[in-house]
*Asks:* 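Structure provided below as structure tokens; questions to follow.
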Amino acid sequence: IEGTRPDGARFRLEDLRGRWVLLALGRGDCGAPCERKLYATRQARTMQGREQERVIRAWLVEGDAAPPAALLAQHPGLVVVHVAEAVPGRFPGGADALYLIDPLGNLVLRYPNDPDIKGVAKDLTRLLKASRIG
């Protein structure tokens, strides 16, 4: 999966290999469900404590619509990438899901559009504890 970062730099999902990735998909005009999904990624990562550096949060934005600056300000460290509108269709749950990708690039878990933050954090904790990579 390839796209463009807001600064115009090219991006490949493969560039995040070696880290656990919480991947959100959505449109640039992020509504309430999208905001909750991004919030869930931030909170689940933060709940990992000292292990949180092993987890990257990425948001694949369909099309060229720029996400609101206020929203991006609430999510420091979020990797934002503009992708073609056909890209979310390549994922098994489409654009209305949150994905966890392991350091080898495998799609490990899929969460609904409005994920349970504690459940995501618990899954991450278990996977980070069991994994020596990433």
Side-chain angles (χ1 to χ4, degrees):
I1 293 176
E2 297 183 3
T4 307
R5 298 197 62 169
D7 62 3
R10 300 289 301 153
F11 173 86
R12 292 177 40 204
L13 190 56
E14 191 173 294
D15 296 341
L16 299 179
R17 221 178 176 110
R19 305 284 289 278
W20 289 90
V21 179
L22 277 171
L23 183 69
L25 304 171
R27 301 197 56 76
D29 55 349
C30 190
C34 173
E35 288 182 24
R36 285 193 302 271
K37 185 169 28 176
L38 292 176
Y39 175 77
T41 65
R42 185 182 74 207
Q43 293 305 104
R45 180 182 180 270
T46 301
M47 292 169 86
Q48 300 313 305
R50 63 186 172 146
E51 297 292 324
Q52 69 181 305
E53 296 305 317
R54 296 174 64 190
V55 180
I56 296 285
R57 298 178 315 120
W59 181 22
L60 301 185
V61 179
E62 297 176 56
D64 296 326
L71 177 66
L72 294 178
Q74 295 174 14
H75 297 279
L78 179 66
V79 176
V80 179
V81 180
H82 293 278
V83 296
E85 292 187 17
V87 168
R90 294 171 48 187
F91 286 86
D96 290 336
L98 173 67
Y99 298 94
L100 179 63
I101 300 172
D102 75 3
L104 300 176
N106 300 309
L107 184 62
V108 177
L109 294 170
R110 178 175 63 90
Y111 299 96
N113 194 30
D114 191 9
D116 172 41
I117 296 170
K118 289 183 181 179
V120 174
K122 188 174 181 179
D123 290 342
L124 266 176
T125 299
R126 287 179 178 163
L127 289 167
L128 291 173
K129 185 175 181 179
S131 172
R132 294 183 188 251
I133 57 175

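The basis for the numbers below is simple: all heavy atoms, side chains too, and nothing from hydrogens, waters or symmetry mates.
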*Asks:* Name the atoms and distances for all side-chain donor-acceptor pairs under 3.5 Å in residues 7-14, with sequence neighbours left out.
*Replies:*
| unit_1 | atom_1 | unit_2 | atom_2 | d |
| --- | --- | --- | --- | --- |
| D7 | OD1 | A9 | N | 3.0 |
| R10 | NH1 | T4 | OG1 | 3.4 |
| R10 | NH2 | E2 | OE1 | 3.4 |
| R12 | NH2 | E14 | OE2 | 3.1 |

*Asks:* Return the set of residues passing side-chain contact (heavy atoms from CB on, under 4.5 Å) with D114 (not counting sequence neighbours), or none when no residue passes.
*Replies:*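 Residues passing side-chain contact (heavy atoms from CB on, under 4.5 Å) with D114: R36.
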*Asks:* Mind checking side-chain contact (heavy atoms from CB on, under 4.5 Å) for K122 and listing every partner two or more places apart, or none if nothing turns up?
*Replies:* R126
*Asks:* Under the side-chain hydrogen bond (donor to acceptor under 3.5 Å, both in side chains) test, which residues partner Q74, sequence neighbours left out?
*Replies:* none
*Asks:* Only pairs at least two apart or in different chains count here, so list each salt bridge (charged side-chain N to carboxylate O under 4.0 Å, His left out) that has a residue in residues 54-78.
*Replies:* R27-E62, E51-R54
*Asks:* For a quick test of your reading: what N or O donor-acceptor pairs under 3.5 Å do the side chains of residues 16-26 make, sequence neighbours left out?
*Replies:*
| unit_1 | atom_1 | unit_2 | atom_2 | d |
| --- | --- | --- | --- | --- |
| R17 | NE | L104 | O | 3.4 |
| R17 | NH2 | L104 | O | 2.4 |
| R19 | NE | E53 | O | 3.2 |
| R19 | NH2 | E53 | O | 2.3 |

*Asks:* If the condition is side-chain contact (heavy atoms from CB on, under 4.5 Å), which residues does P76 pass it with, not counting sequence neighbours?
*Replies:*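 P76 satisfies side-chain contact (heavy atoms from CB on, under 4.5 Å) with no other residue.
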*Asks:* Identify each donor-acceptor pair in which a side-chain atom of residues 80-101 lies under 3.5 Å from a protein atom, sequence neighbours left out, and give them as a table.
*Replies:*
| unit_1 | atom_1 | unit_2 | atom_2 | d |
| --- | --- | --- | --- | --- |
| H82 | ND1 | G63 | O | 3.1 |
| Y99 | OH | G93 | N | 2.9 |
| Y99 | OH | G94 | N | 3.2 |
| Y99 | OH | G94 | O | 3.0 |

*Asks:* Closest heavy-atom contact between I133 and P103?
*Replies:*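 Taking I133 first and P103 second, the nearest heavy atoms are O-CG, 3.7 Å.
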*Asks:* For C30, which residues count as a side-chain contact (heavy atoms from CB on, under 4.5 Å) partner, sequence neighbours excluded?
*Replies:*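 Per chain and number, C30 pairs via side-chain contact (heavy atoms from CB on, under 4.5 Å) with C34, E35, L38, W59, L71.
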*Asks:* Clusters formed by hydrophobic residues whose side-chain heavy atoms approach within less than 4.5 Å: which one holds M47, and what are its other members?
*Replies:* Y39, I117
*Asks:* Tell me the ring pair (Phe, Tyr, Trp, His ring centres under 6.0 Å) pairs involving residues 111-134, sequence neighbours left out?
*Replies:* none
*Asks:* Shared ILVMFWY cluster between V55 and V108, side chains joined below 4.5 angstrom?
*Replies:*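 Looking at the clustering, V108 is in the same group as V55.
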*Asks:* T125: what forms a side-chain hydrogen bond (donor to acceptor under 3.5 Å, both in side chains) with it, not counting sequence neighbours?
*Replies:* Q48
*Asks:* With a 3.5 Å distance limit and no angle check, can you tell me whether Q43 reaches the backbone of A40 through a side-chain donor-acceptor pair?
*Replies:* no
*Asks:* Consider side-chain contact (heavy atoms from CB on, under 4.5 Å). Of T41, D15, L78, V79, which one does I56 pass it with?
*Replies:* V79
*Asks:* Before giving the answer on side-chain contact (heavy atoms from CB on, under 4.5 Å), spell out for L127 and D102 the whole-Å C-alpha distance, their side-chain angles and the decisive distance to 0.1 Å.
*Replies:* CA-CA 9 Å; L127 289 167; D102 75 3; over 6 Å; no
